[in-house]
Amino acid sequence: MAEDSLIDWSKLTWIEPPVMGRQDLRDLKKGIDGSFRDFIRENGEWIENIFEPLKWILIKFEHAMVGMPWPLFLVIVAGLSYLGSRSWKLSLGAVLSFILIGWLDMWEGTMATVAMVSVATFLCIAIGIPIGVWMSRSDRVQGAIVPVLDIMQTIPSFVYLIPVVMLLGIGKAPALIAVMIYAIPPIVRLTNLGIRLVDKETLEAADAFGANKKERLFGVQIPLALPNIFAGVNQTIMMALAMVVIAAMIGAGGLGTPVLRAVNNQYLALGVFNGMAIVAIAIIFDRVSQAYGKRLQKHREGGHGV
Amino acid sequence: MSDLKVQIKNLYKIFGKNPKSMVKHVEGGMSKPDLLKNHGHVIGLNNINLDIPAKGIQVIMGLSGSGKSTLIRHINRLIEPTAGEMIVDGQDVLTMSPDALRDFRRFNASMVFQKFALLPHRTVIKNVLYGLEIQGIEEKEAMERGQKWLERVGLKGFEEHYPAQLSGGMQQRVGLARALATDADILLMDEAFSALDPLIRTDMQNILLELQEELHKTIIFITHDLDEALRIGDNIAILRDGAMVQTGSAQDIVLNPADEYVTDFIQDINRARVLELNSIMGKKPAKATALKLDKSMVIDVAMQELSNAKAKSATVVDGNKVVGSVTMDSMVQAIARPDGEVKGIDSYR
């Protein structure tokens with residue numbers, strides 16, 4: 001192709017992009033690394049202490065789940081699936097999936113993964129919904145938080161694993177944080193969106209009847225935003241499950257660890273089995289939470305739309 | 001109809017970046033297009049003064065964009081004014097603290113909305129109970145009151161339905177019951193029946209008039225429909241471009257329109273159904289005729305009476321007292337449109 005082109009670009013030296021001096025660049029990187037290391041040296045301990053309760057919750061929960069007799073777990077799964085979806089088929093499918101998972105000897109890993117995803121989702125909801133509500137109340141807050149969410153969703157997970165591991169080392173707590181960084185944006189976004197989409201006239205009616213801020217929020221805004229908020233919960237669960245393998249790299253344990261082992265040693269069956277177990281959990285969580293979200297919108301049914 | 005309930009004094013609402021500084025221009029008589037062109041501000045309400053008596057239905061009428069919905073939202077301060085006073089029961093709503101305003105909205109003024117604005121996630125009965133809940137009324141009592149109002153608007157048996165399952169007319173009945181349940185003595189109705197089809201609208205007007213006969217609330221009713229205004233309004237105020245053009249009773253407005261805008265408005269109405277004998281009768285007859293008609297009878301009923309009795313004229317009475325007389329001719333004259341309009345392009349052919 002070079003001989004075909006009219007201009008020999010390689011002769012034009014000025015067309016090279018300007019580059020920082022090699023020495024300067026090295027100093028810059030060193031400087032950043034050094035100051036972060038200093039920061040950790042000075043603050044690492046109390047930061048680690050902050051996350052201590054998180055680790056404690058996760059480990060307790062995981063122990064409880066792994067230690068639980070398997071029939072009890074199946075009863076709980078069936079019960080929750082039915083409560084969420086009101087569908088016998090779905091509940092039966094969930095129970096059969098877990099029996100199959102146990103039959104293929106992935107019970108412990110599955111329990112660890114379910115525990116991790118449950119705790120991560122719970123914390124994302126507990127943190128994400130208030131942030132979403134806060135965003136919905138002020139355009140300035142929204143303007144500040146949206147770019148942060150954009151970064152959290154697009155930055156390659158491996159990149160934020162580095163500072164998390166530097167701060168907290170390898171283990172359950174950093175893995176949980178890595179999962180949450182990835183999984184929290186949808187719940188925040190959809191809470192914000194859901195509240196902003198609440199019909200202005202309905203809100204005006206609440207005002208006209210003298211509702212105060214609290215009555216507005218809990219009586220009108222959140223109930224009417226619930227379908228959207230629930231779509232956010234569903235997305236958060238899915239994203240948390242998507243992080244299982246990556247989180248296993250920094251000590252999450254669960255179904256991700258055998259997958260990593262399978263990649264390193266080319267164990268096809270091991271990889272596929274554990275991968276399919278993750279998929280099965282994802283489908284169960286997704287269907288149940290979606291069915292529940294749909295039931296929340298029961299009041300929208302009827303011949304006369306408004 | 002004695003004491004004043006609501007007094008609106010020199011009320012201005014200007015939309016834009018710096019509305020306060022625009023008041024002096026508007027006071028100086030700058031028109032809506034000029035203010036928009038030269039200062040980039042829009043006049044919402046221009047020096048509104050209106051005295052609203054207690055226990056009557058005050059209609060505020062105007063075409064879309066005339067500021068009527070803005071005006072009604074100033075009464076419970078859903079919209080902040082630029083300048084002026086809104087005196088309700090001797091108190092200026094516009095200077096109330098947030099707490100006092102909330103109490104005012106909870107206990108003194110309730111509202112019915114054009115698009116119903118029901119809470120879609122609550123059942124019908126829960127919607128009716130909404131105001132009571134916010135008032136902090138104990139559940140059992142609230143339930144009784146809510147149930148009563150739901151029955152009054154004819155929706156017994158629909159308690160557990162959701163608003164989306166009801167027709168528009170039924171939804172607005174829920175809206176009306178919700179507003180009445182709070183026992184507020186001011187009822188603000190913002191184009192409450194405009195979204196309903198004509199038959200249902202008449203139906204709702206009847207319900208409202210029936211309830212009013214017993215409740216004697218101060219009702220402020222916004223509409224763009226003159227027939228509706230004439231039918232239910234004890235007093236009518238006409239707005240145009242944010243300014244008050246004319247206020248008066250239905251009779252006043254039909255017989256003495258203040259300007260061309262109002263004349264345009266009234267030219268298509270059925271005068272026979274609006275005008276009462278009272279406002280068209282001639283002087284007392286020398287000798288009372290056999291046929292006696294009440295002074296508040298409207299013309300179309302009176303004509304029927306005359307026709308049925310095969311009489312040419314009738315005596316108008318107020319109770320037992322003779323107050324005037326009407327003839328078939330005088331009534332026909334009264335319902336004919338004023339000169340020039342008869343040959344108007346929109347007459348039926």
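The sequence lines fix the lettering, A, B, ..., with proteins before strands; numbering per chain opens at 1.
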Q: For the residue pair A/Glu215 and B/Ile134, what are the closest heavy atoms and their distance?
A: OE1-CG2, 4.0 Å

Q: Where on B/Arg178 is there a heavy atom nearer than 4.5 Å to chain A: the side chain, the backbone, both, or neither?
A: both

Q: Which atoms of B/Ala109 are under 4.5 Å from chain A, going by heavy atoms: the side chain, the backbone, both sets, or neither?
A: backbone

Q: Tell me the closest heavy-atom pair linking A/Gly219 and B/His121, and the distance in Å.
A: O-NE2, 3.0 Å

Q: Would you please test B/Phe113 and A/Glu204 for side chain to side chain contact (heavy atoms under 4.5 Å, CB included) and show each step?
A: CA-CA 9 Å; B/Phe113 297 84; A/Glu204 192 182 42; 3.6 Å; yes

Q: Given heavy-atom pairs under 4.5 angstrom as the criterion, report whether the side chain, backbone, both or neither of B/Leu118 touches chain A.
A: backbone

Q: Which answer fits B/Phe107, side chain, backbone, both or neither, if we ask what part of it has an atom under 4.5 Å from a heavy atom of chain A?
A: neither

Q: If you measure from CG on B/Leu78 to CG on A/Leu203, what distance do you get to the nearest 0.5 Å?
A: 11.5 Å

Q: Indicate the atoms forming the closest heavy-atom contact of A/Phe209 with B/Ser110, along with that distance.
A: CE2-CB, 4.0 Å

Q: Return yes when atom CE of A/Met238 has more than 12 non-hydrogen atoms of other residues, nucleotides or ligands closer than 6.0 Å, and no otherwise.
A: yes

Q: Got a second to check how far B/Arg73's CZ is from A/Asp207's CG, nearest 0.5 Å?
A: 11.0 Å

Q: Quick check: are there more than 12 heavy atoms from other residues, nucleotides or ligands sitting under 6.0 Å from CG of B/Leu199?
A: no

Q: Go through it in stages, so that I can follow the logic: the residues are B/Tyr130 and A/Val220, the test is side chain to side chain contact (heavy atoms under 4.5 Å, CB included), and I'd like the CA-CA distance, side-chain angles, deciding distance and then a yes or no.
A: CA-CA 11 Å; B/Tyr130 186 68; A/Val220 182; 3.7 Å; yes

Q: Could you pull out the closest heavy-atom pair between B/Arg106 and A/Gly210, with the gap in Å?
A: NE-O, 2.8 Å

Q: Is the OH atom of A/Tyr292 crowded by more than 12 outside heavy atoms at less than 6.0 Å?
A: no

Q: Inspect the surroundings of CD in B/Glu139 and state if more than 12 heavy atoms from other residues, nucleotides or ligands are less than 6.0 Å away.
A: no

Q: If you look at every heavy atom in A/Leu224 and B/Pro120, which pair is closest and at what distance?
A: CD2-CG, 3.4 Å

Q: Write down the atom of B/Ala117, the atom of A/Ala205, and the distance for their closest heavy-atom approach.
A: O-CB, 3.5 Å

